[in-house]
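Position 1 is the first residue of the sequence; numbering continues from there.
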Amino acid sequence: MTLDEAKRGDQIEIIYIKDALVRSQAIRLGISEGSRMLCTEIVPHGPIVLKNRKQEVAIGQKIAHKIKVERVG
């Protein structure tokens, strides 16, 4: 599934980021393949908020659609 399909409360692992530009943007935000994060909020027609330790990051829908994830736990 892609990140935009995640549900609030899902523990997810980033599996694959195909687009090189999206991958470089994600790395700047502390997101890389193998990262495990908690989906804390889904804003309707807006960003997906992910939490990793004490850091929260908002990812827009278009970018989230390009990030493959898997539910864990």
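- A distance-only check finds a donor-acceptor pair linking the side chain of Glu5 to the backbone of Thr2 [under 3.5 Å].
- In terms of heavy atoms, Gly9 sits closest to Leu38 at O-CD1, 3.5 Å.
- Looking at Leu50 and Leu29, their side chains never come closer than 4.5 Å, going by heavy atoms from C-beta outward.
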Item to complete: Check step by step if side-chain contact (heavy atoms from CB on, under 4.5 Å) holds for Val43 and Ile48.
Response: CA-CA 6 Å; Val43 178; Ile48 291 125; over 6 Å; no
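- Arg23 contributes a side-chain N or O that, together with a main-chain N or O of Ile17, makes up a donor-acceptor pair within less than 3.5 Å.
- Side-chain N or O atoms of Thr40 include one that pairs as donor or acceptor with a backbone N or O of Val49 at under 3.5 Å.
- For the pair Asp19 (side chain) and Leu21 (backbone), a donor-acceptor distance under 3.5 Å is present.
- In this structure the side chain of Val22 reaches within 4.5 angstrom of the side chain of Ile67, judged on heavy atoms.
- Considering only heavy atoms from C-beta on, Ile63 comes within 4.5 Å of Gln25 through its side chain.
- The side-chain heavy atoms of Asp10 and Val69, taken from C-beta on, include no pair separated by under 4.5 Å.
- At least one side-chain heavy atom of Met1 sits less than 4.5 Å from a side-chain heavy atom of Arg71.
- You'll find the side chain of Ile14 reaches within 4.5 Å of the side chain of Ser35, heavy atoms only.
- Counting only heavy atoms from C-beta outward, the side chains of Asn52 and Val57 never approach each other to under 4.5 Å.
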Fill in: Verdict with reasoning, Ile12 to Leu3, per side-chain contact (heavy atoms from CB on, under 4.5 Å)
CA-CA 9 Å; Ile12 54 123; Leu3 180 56; 3.9 Å; yes
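- Looking at every heavy atom in both residues, Ser32 comes nearest to Ile27 through CB-CG1, 4.4 Å.
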Worksheet item: Does the side-chain contact (heavy atoms from CB on, under 4.5 Å) test come out yes or no for Lys7 and Ile42, once each step is laid out?
Response: CA-CA 7 Å; Lys7 306 284 186 236; Ile42 307 271; over 6 Å; no
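- What you find for Met37 and Gly30 is that their closest heavy atoms are CE-O, 4.3 Å.
- Of the possible donor and acceptor atoms, none in the side chain of Glu13 sits under 3.5 Å from a partner among the backbone N and O of Glu70.
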